[in-house]
Chemist: 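Please read through the structure below; I'll follow up with questions.
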Amino acid sequence: MQFTTKLIPLAIAMAFATSASAQDVVKIGHVAPISGASAHLGKDNENGAKMAVEELNAKGFMINGKKVKLELVLEDDGADPKQGTAVAQKLVDAKVQGVIGHLNSGTTVPASRIYHNAGIPQISPSSTIPEYTKQGFKSAFRVVANDNKLGGTLGRYAVDTLKATNIAVIDDRSAYGQGVATEFLKGAKEKNPAIKVVGKEFTSATATDFTAILTSLKGKKPDLIFFGGMDAVGGPMLKQMKALGITAKFMGGDGICTESLVRLAGDGVGEGNVTCAEAGGVTGEQEKSMADFVARYKKRFNNADVQLYSPYVYDAVMVMAAAMQNAKSAEPAKYLPELRKIKHQGVTGLIQFDDKGDIKDGALTMFTFKGGKKTKMSVIK
């Protein structure tokens with residue numbers, strides 16, 4: 001194939017377009033569900049990314065001694081795997097230098113192959129499915145603990161602390177929901193092999209009527225129901241449990257561990273009846289850093305509350321930016337090795353990755369709901 005002399009300079013320019021030394025703009029992609037049932041969580045994540053980029057730019061972000069402007073490229077995956085892969089390819093075509101996302105495990109995993117093939121680093125702030133980092137992609141990272149720890153800890157807690165003996169499990173058939181429910185059962189049986197699983201049911205991530213499932217489970221008299229899924233389904237499920245007179249305790253992972261659960265469940269949330277775990281958590285002096293972040297977030301976004309993972313998104317952006325500075329380059333191939341050996345003190349704690357890309361020593365925070373408020377109980381490492 002021959003090129004005209006007019007095209008040669010353009011080709012050279014394109015070849016060096018990702019070099020921080022030859023450009024003024026570094027593009028970072030962010031993906032989350034900004035539409036659909038989990039849009040409130042996706043917007044929360046997006047806000048965390050915006051805060052980080054705005055703060056870095058305001059300070060005069062520099063790479064290799066040159067001032068660089070970070071540009072956030074925002075995409076909506078609707079929590080749908082097909083849409084997730086489509087926007088992943090869109091970001092690759094837009095020549096982003098890194099990606100923060102996705103929110104859901106079901107979109108993160110298929111999208112990760114596209115980023116891997118393009119050599120673009122990806123940091124998920126909230127996907128917990130173990131398979132994400134088990135694929136062997138050197139471009140994949142996460143800043144929260146995975147389902148092995150999240151679901152397993154909840155299972156052991158259900159038996160050890162809540163003294164559950166008859167357990168029922170419902171999942172929403174998503175990669176996240178099935179994964180965390182599976183790990184929950186493993187943890188419960190590990191703690192007490194004689195535990196009775198009186199029912200296993202499933203629904204969908206868009207369902208609104210759970211009468212048949214709950215009526216079936218009511219007759220089996222569970223003392224605890226575990227739900228693997230998101231708050232948009234868990235909230236109405238709790239409301240219908242109350243209407244049916246089901247008094248079993250309710251547990252779930254980070255998907256239901258949101259400020260919005262009370263709004264979605266109404267009085268079905270009860271007083272201390274719901275236990276959930278958030279993948280992450282701070283203690284001691286780190287609590288002040290988190291409180292400062294929450295205050296800045298409320299000021300920036302018209303008194304809005306942090307929903308769940310915006311602090312982890314914020315840290316993910318900061319970690320990616322720090323790796324670029326350490327490498328003196330925004331070229332993915334050059335800063336990726338720095339990302340793998342990063343040691344960053346963030347809002348959510350110390351961030352370091354193991355050889356798979358998982359965060360080292362990931363914490364979990366146990367919550368319940370009292371007085372209509374999400375209430376912290378303890379941090380587990």
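Note that the coordinates shown come from a computational prediction; the quantities given were computed from them, not determined experimentally.
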Chemist: Do the side-chain N and O atoms of Arg142 and Ser127 include a donor-acceptor pair separated by under 3.5 angstrom?
Modeler: no
Chemist: Within the structure provided, determine whether Lys189 and Val197 are in side-chain contact (heavy-atom separation under 4.5 Å).
Modeler: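 Touching, per the 4.5 Å side-chain cut-off.
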Chemist: Not counting sequence neighbours, list each pair that qualifies as a disulfide (SG to SG under 2.5 Å) and has a residue in residues 245-322.
Modeler: Cys257-Cys276
Chemist: Answer yes or no: is there an ion pair linking Asp355 with Arg340, defined by an N-O contact shorter than 4.0 Å?
Modeler: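 No, no charged N to carboxylate O under 4.0 Å.
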Chemist: Sequence neighbours left out, what passes ring-ring contact (aromatic ring centres under 6.0 Å, His included) with His116? Give chain and number order.
Modeler: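 Partners of His116 under the ring-ring contact (aromatic ring centres under 6.0 Å, His included) test: Phe137.
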Chemist: Does some side-chain heavy atom of Glu71 sit less than 4.5 Å from a side-chain heavy atom of Val96?
Modeler: no
Chemist: Just by distance, do the side chain of Gln240 and the backbone of Thr208 share a donor-acceptor pair under 3.5 Å?
Modeler: yes
Chemist: In the single-linkage hydrophobic clustering (I, L, V, M, F, W, Y; side-chain heavy atoms under 4.5 Å), do Val274 and Leu162 co-cluster?
Modeler: no
Chemist: Apply side-chain contact (heavy atoms from CB on, under 4.5 Å) to the pair Phe353 and Val143, showing each step before the final yes or no.
Modeler: CA-CA 8 Å; Phe353 301 112; Val143 293; 4.1 Å; yes
Chemist: Is it the case that one hydrophobic cluster holds both Tyr157 and Ile225, taking links as side-chain heavy atoms less than 4.5 Å apart, direct or via other members?
Modeler: no
Chemist: Please report the interatomic distance CD(Gln178) to CZ(Arg173), rounded to the nearest 0.5 Å.
Modeler: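 Taking CD in Gln178 and CZ in Arg173, the distance rounds to 4.0 Å.
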Chemist: Does Lys328 reach the main-chain N or O of Gln325 with its side chain, forming a donor-acceptor pair under 3.5 Å?
Modeler: no
Chemist: Could you tell me whether Lys288 and Asp292 make a salt bridge, using a distance below 4.0 angstrom between a side-chain N and a carboxylate O?
Modeler: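 A salt bridge is present here (some side-chain N lies under 4.0 Å from a carboxylate O).
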Chemist: If you count heavy atoms of other groups shown closer than 6.0 angstrom to NZ of Lys221, is the number above 12?
Modeler: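 At most 12 heavy atoms, drawn from other residues, nucleotides or ligands, come within 6.0 Å of this atom.
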Chemist: Side chains of Gln286 and Gln345: do they bring a donor and an acceptor to under 3.5 Å?
Modeler: yes
Chemist: Could you tell me whether a side-chain N or O of Glu338 sits under 3.5 Å from a main-chain N or O of Ala327, the two making a donor and an acceptor?
Modeler: no
Chemist: My understanding is that only residues two or more places apart in sequence, or in another chain, count here; which of them pass salt bridge (Lys or Arg N to Asp or Glu O under 4.0 Å) with Arg113?
Modeler: none
Chemist: Enter the distance from Ile359:CD1 to Asn146:CG here, rounded to the nearest 0.5 Å.
Modeler: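 Answer rounded to 0.5 Å: 11.0 Å.
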Chemist: Let me confirm one number: the OG-CD1 distance from Ser124 to Ile129, rounded to the nearest 0.5 Å.
Modeler: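 The distance works out to 11.0 Å.
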Chemist: Look at the rings of Tyr297 and Phe293 and say which category their plane angle falls in: under 30° parallel, 30 to 60° tilted, over 60° perpendicular.
Modeler: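 Answer is tilted, since the angle falls between 30° and 60°.
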Chemist: Would you call Lys43 and Glu46 a salt bridge, taking side-chain N to carboxylate O under 4.0 Å as the test?
Modeler: yes
Chemist: Is the shortest distance from a Lys or Arg side-chain nitrogen in Glu54 or Arg296 to a carboxylate oxygen in the other one below 4.0 Å?
Modeler: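 No, Glu54 and Arg296 are not salt-bridged.
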Chemist: How far apart are the C-alpha atoms of Ser260 and Asp231, what are their side-chain angles, what is the distance that settles it, and do they pass the side-chain hydrogen bond (donor to acceptor under 3.5 Å, both in side chains) test?
Modeler: CA-CA 7 Å; Ser260 295; Asp231 59 1; 4.6 Å; no
Chemist: Can you list the steps and then say if Leu41 with Tyr309 is a side-chain contact (heavy atoms from CB on, under 4.5 Å)?
Modeler: CA-CA 8 Å; Leu41 300 178; Tyr309 283 125; over 6 Å; no
Chemist: Could you grab the distance from atom CG of Leu150 to atom CG of Leu364, nearest 0.5 Å is fine?
Modeler: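 The CG atom of Leu150 sits 5.5 Å away from the CG atom of Leu364.
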Chemist: For the pair Asp358 and Lys360, find out whether any cationic side-chain nitrogen is under 4.0 Å from an anionic carboxylate oxygen.
Modeler: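 Between Lys360 and Asp358 there is no salt bridge, as every charged N stays at least 4.0 Å from the carboxylate O atoms.
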Chemist: Considering all heavy atoms of both residues, which atom of Asn148 and which atom of Pro130 are nearest to each other, and what is their separation?
Modeler: OD1-CG, 3.4 Å
Chemist: Heavy atoms, side chains only, cut-off 4.5 Å: are Phe301 and Met51 in contact?
Modeler: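 Yes, close enough: below the 4.5 Å cut-off.
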Chemist: When clusters are formed by joining ILVMFWY residues with side-chain heavy atoms under 4.5 Å apart, either directly or through shared neighbours, do Val198 and Phe184 land in the same one?
Modeler: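 No, separate clusters.
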Chemist: Which is it for Glu55 and Tyr314 under the side-chain hydrogen bond (donor to acceptor under 3.5 Å, both in side chains) test, yes or no, and what are the steps along the way?
Modeler: CA-CA 10 Å; Glu55 289 180 15; Tyr314 177 91; 2.5 Å; yes
Chemist: Report the C-alpha distance between Glu201 and Thr203 in whole Å, list the side-chain angles of each, state the deciding distance to 0.1 Å, and finish with yes or no for side-chain contact (heavy atoms from CB on, under 4.5 Å).
Modeler: CA-CA 7 Å; Glu201 302 285 350; Thr203 181; over 6 Å; no
Chemist: Take Lys220 and Asn166 through the test side-chain contact (heavy atoms from CB on, under 4.5 Å) and record every step on the way to the result.
Modeler: CA-CA 9 Å; Lys220 298 172 182 177; Asn166 297 323; over 6 Å; no
Chemist: Report, as yes or no, whether the 6.0 Å neighbourhood of atom CG on Asp361 holds more than 12 heavy atoms from other residues, nucleotides or ligands.
Modeler: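 Open: at most 12 neighbouring heavy atoms sit under 6.0 Å from CG of Asp361.
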Chemist: Does either side chain, that of Ser310 or that of Asn47, offer a donor lying less than 3.5 Å from an acceptor on the other one?
Modeler: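 There is no such pair between these side chains.
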Chemist: Quick check: do Met230 and Thr258 have side-chain heavy atoms less than 4.5 Å from each other?
Modeler: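 A side-chain contact under 4.5 Å is absent here.
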Chemist: Indicate yes or no: at least one non-hydrogen side-chain atom of Val282 is less than 4.5 angstrom from one of Ser289.
Modeler: no
Chemist: Starting from the C-alpha separation in whole Å, work towards a yes-or-no answer on side-chain hydrogen bond (donor to acceptor under 3.5 Å, both in side chains) for Ser126 and Asp254.
Modeler: CA-CA 9 Å; Ser126 49; Asp254 48 341; over 6 Å; no
Chemist: Applying the salt bridge (Lys or Arg N to Asp or Glu O under 4.0 Å) test to Asp305, which of Arg263, Lys298, Lys374 qualifies?
Modeler: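 Testing Asp305 for a salt bridge (Lys or Arg N to Asp or Glu O under 4.0 Å) against Arg263, Lys298, Lys374 leaves exactly one candidate, Lys298.
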Chemist: Given side chains that start at C-beta, do those of Val87 and His102 come closer than 4.5 Å, heavy atoms only?
Modeler: yes
Chemist: Do Leu308 and Val347 share a hydrophobic cluster, counting only Ile, Leu, Val, Met, Phe, Trp and Tyr and linking them when any side-chain heavy atoms are less than 4.5 Å apart?
Modeler: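 In one cluster: yes.
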Chemist: Report yes if some heavy atom in the side chain of Met318 is under 4.5 Å from a heavy atom in the side chain of Leu56; otherwise report no.
Modeler: yes
Chemist: Should Val313 and Ile351 be counted in the same cluster of Ile, Leu, Val, Met, Phe, Trp and Tyr side chains packed under 4.5 Å apart?
Modeler: yes
Chemist: Quick one: are Ser139 and Gln122 in side-chain contact, heavy atoms under 4.5 Å?
Modeler: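 SC-SC contact between Ser139 and Gln122 ruled out.
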